[in-house]
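Worksheet: the structure to be examined is printed underneath.
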Amino acid sequence: MKHLKQLFMLFILCCSLVIPSTALAATNASSSSSSSSAVSSSSSNQAATDDSLQKIKQKGTLVVGMSADYPPYEFTTKKNGKTEYVGFEVDLAKQFAKDLGVKLVIKNMDFDSLLVALETGKIDTIISGMNVTNERKKSVDFSNTYYSGNSYFLINKADHDRFKKATDFKGKTVGAQNGTLQSTMIDKSMPGVKNKGLAKLSNLVIGLQSHKVDAVLMDEATAKAYAANNSNLVTFNSKLPSTAGDIAMAFPKGDKSLEAAANKTIKQVNDEDLINKQWIPQASKYMKSYKKQNTVLSYWRYFAKGVEYTLIITIVSVICGFILGTLFALMRLSKNKLLHSLAVCYIEFLRGTPMIVQIMFVYFGIGAVIQSMPALVAGIIAVSLNSGAYVAEIIRSGIQSIPVGQTEAARSLGMSKQTTFQEVIMPQALKNIWPALGNELITLLKDSSLVSVIGVSELMYQTQLVQSATYKGVLPLFITMLIYFVLTFTLSRILLHFERKMKHAH
Amino acid sequence: MPTKMIEVKNLQKKFKNNVVLKEITEHVDQGQVICVIGPSGAGKSTFLRCLNALEQPSSGQVLFEGQNLVGLDDKQLDQIRQKMGMVFQGFNLFPSMTVLKNIMIAPIKVKKTSAEDAKQTAMKLLAKVGLANKANQYPDQLSGGQKQRVAIARALAMDPAVMLFDEPTSALDPEMVEEVLKVMRDLADSGMTMVVVTHEMGFAKEVADQIWFMADGYIQETGQPDDFFDHPTSPRAQEFLKKILK
């Protein structure tokens, strides 16, 4: 009991140490911009005194966050086997970067991660069909509007007679992308309708085609694009009262000078009506052009790249996880109370929280302190830490399975603790825990797919790209499943081979 | 005056509230063979394990060649343990290594002996215990008696000044006891200092220079084997001998 209490206290202590420091770091990170906002808001007549614009020009890149599964706004296409972002917002971003005289970098991520990424300084601005709402205004600043459209329902053609207006969906399920205006509209203006939210619009459309949802509510341009590209789908105006259909760029609070520069670009674009006259027609062409050569298999390079990254994450994480695991297993077995408690806290905490949360915490939380940390590194860190906790327990059980007589025999021969561990205990323990370690390795390979949430281009992420590029949902998933299976099956055969070899050595 | 190899002064050992060794003061001379006998639970094994500090005494001193082992750090103990070979009841061979590797590992890793020299010594020792033909087998391919002989060879490979035996034949089938005792007898004949905890009264009587009789956490009586077995003086020893000789 007493032990438990101590442990608990230590845990609280750790938490209270970790949380304020990361929170502090997070506010520090955003304060680089918010400190300037304090200045500009206190002297409101001087709007553009902050250094946000200068900073962009200094670093020479404009990092734009977008959720690139949203044709014709932004989506991916293939040019000479390479992924390229296209769509009218991509053109707008290009124009903006060009006006600033800097290089454009596009970060593709889930729509509902965009705001967090902006607040933590991962991106400089959001250009992603983001509607201006009062809630969002609390956390970000918006530029002037560059596009506005109504919200449309996308439905299956077969349902055309059943659904003609918004009220026809009573008791049905309507989907919308998480965090979008349309998702709020379903909740507020469509009573009696079940709202099905997903992070990816492309997955919702797949859900529509497999009748998981009866309709998907999205903005006009996107809905029309889907309908134009798929003869089984039709779209119609929802005519729902919307609080705002205005789309604008989002900036961190206080980045007034950058915002002013954006408004300049937007004014020019609006004056020439570039979006409607030039960019949307151009985007539609891309959509049509890859409709012809749009077989899933022609995207094999996507899968190959995904496998490459999946293997990189797995291999590096396995090695780091094993080192961490050994370390924490020894700490947990240590007679030193502090080391022991630290190890218990680490193991229990990492095993007691979902990996997907850990991945996002490392990327957004720790990433706020170390801004330059790439998603791949964040992903590897998170997966290694997680795996380390499980491996620690496996190794601990392995060490404890070795009779104490082995240690006594070694020590009585004059071997040091370390030599005993390396030469006598670990080789035997490894043999005993080999199957369990193998399981962990296979689990890790599969769990690496979770890293897709922070935009690492591993297999699962690439699959989603293929899905949204081909407008096909099930086939890419099936191919990915096969690839994962081939990988894990090969791995388990290799592990079995070594397991047998170790047995033969007996 | 022979030199004292091991000296024990006012040794006490407690496990929590259980006092296993109450008060022991004794010494072992160089070249002496001591057999420690007594009923189960007397504290014989604990006593032996205090001699090379596998158990830390609760109070008192254990001196090896004049140096007190109590309070030494791990590194200093590693040094001393090299000179104190130990053979266990359960053999404790390393199952993942061949017989040869079992014997070679400590000289190579601790004394930094070259693999070649270590192998030569190991083969010599294996020949001595009559197992040269088993060098490349694994422990679980051996019988109990063979395993214990390998364990003795393994301890000898470090060229120890004293050998501690903790009931080396207790886990053996009766027909294998003799092959192990023979090796130990040869060792005693060669002049090795030995402390043997044993239930083999015949061996004790024949090989020991001195018998230490332990019961209830004390060494109750010490003496020449003939004196002890024929005329035990303490009541506990008389009782014990009556029971086992019946």
Side-chain angles (χ1 to χ4, degrees), chain A residues 1-3 326 329-331 333-337 339-340 394-438 495 497-506, chain B residues 45 48-49 51-55 73-98 101-113 136-141 147 150-151 153-160 162-166 171:
Chain A
M1 236 359 243
K2 206 177 138 203
H3 225 71
T326 312
L330 289 175
M331 277 170 70
L333 292 170
S334 155
K335 284 193 184 114
N336 184 321
K337 278 223 170 96
L339 291 181
H340 172 85
I394 294 172
I395 292 182
R396 179 177 71 104
S397 75
I399 292 172
Q400 284 181 330
S401 74
I402 308 303
V404 67
Q406 290 290 309
T407 307
E408 289 183 346
R411 297 304 301 277
S412 75
L413 286 165
M415 287 191 208
S416 66
K417 265 186 186 163
Q418 200 194 336
T419 311
T420 303
F421 181 73
Q422 282 172 1
E423 301 295 329
V424 177
I425 304 301
M426 207 51 187
Q428 294 183 57
L430 261 186
K431 207 184 99 208
N432 289 352
I433 61 179
W434 191 256
L437 276 180
L495 290 167
H497 171 77
F498 281 108
E499 191 181 334
R500 288 215 183 104
K501 216 169 168 183
M502 274 193 287
K503 266 193 191 138
H504 278 303
H506 224 133
Chain B
S45 286
L48 193 75
R49 290 157 64 86
L51 295 185
N52 70 349
L54 274 186
E55 300 286 357
D73 64 29
D74 273 342
K75 260 198 180 138
Q76 292 166 310
L77 278 179
D78 291 340
Q79 287 293 318
I80 287 178
R81 287 195 184 119
Q82 294 177 33
K83 297 186 220 161
M84 306 178 87
M86 189 160 197
V87 176
F88 299 84
Q89 181 179 344
F91 326 126
N92 295 350
L93 293 181
F94 308 133
S96 51
M97 305 174 197
T98 62
K101 186 88 194 293
N102 259 281
I103 302 173
M104 287 163 62
I105 181 103
I108 290 175
K109 293 291 167 188
V110 181
K111 282 190 164 173
K112 312 291 174 200
T113 312
N136 292 317
Q137 304 215 317
Y138 281 89
D140 62 4
Q141 296 169 302
K147 280 185 205 172
V150 172
R154 180 177 67 175
L156 289 174
M158 291 297 284
D159 194 20
V162 58
M163 285 284 285
L164 310 175
F165 291 86
D166 187 6

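Numbers restart at 1 for each chain; the letters A, B, ... are given by sequence-line order, proteins then strands.
Summarising the geometry, atom CZ belonging to B:F94 is positioned 12.0 Å from atom CD1 belonging to A:I402; distances are rounded to the nearest 0.5 Å.
Looking at B:R154, the atoms closer than 4.5 Å to chain A (heavy atoms on both sides) sit in the backbone and in the side chain alike. For A:S416, the parts sitting under 4.5 Å from any heavy atom of chain B are the backbone and the side chain alike. With a threshold of 4.5 angstrom between heavy atoms, B:M158 approaches chain A through side-chain atoms but not through N, CA, C or O.
Across every non-hydrogen atom of B:V110 and A:L413, the tightest pair is CG2-O, 4.4 Å. The heavy-atom pair separating A:G405 from B:N92 by the smallest distance is O-ND2, 3.1 Å. In terms of heavy-atom proximity, A:A409 sits nearest to B:F88 at CA-CE1, 3.6 Å. Shortest non-hydrogen contact noted between A:G414 and B:Q82 is CA-CG, 4.0 Å.
No other option in B:L93, B:N52, B:I80 has as many heavy-atom pairs under 4.5 Å with chain A as B:L93.
Each of A:M426, A:E423, A:Q428 was compared with B:S96 under the side-chain contact (heavy atoms from CB on, under 4.5 Å) criterion, and only A:Q428 meets it.
Applying the side-chain hydrogen bond (donor to acceptor under 3.5 Å, both in side chains) criterion to B:D166, with sequence neighbours excluded, gives B:S45.
Between A:R411 and B:D74, some side-chain heavy-atom pair lies under the 4.5 Å cut-off. The shortest distance between side-chain heavy atoms of B:P95 and A:Q406 falls below 4.5 Å.
Residues of residues 101-109 of chain B lying within less than 4.5 angstrom of chain A, judged on heavy atoms, are B:I105, B:A106, B:K109 in numerical order.
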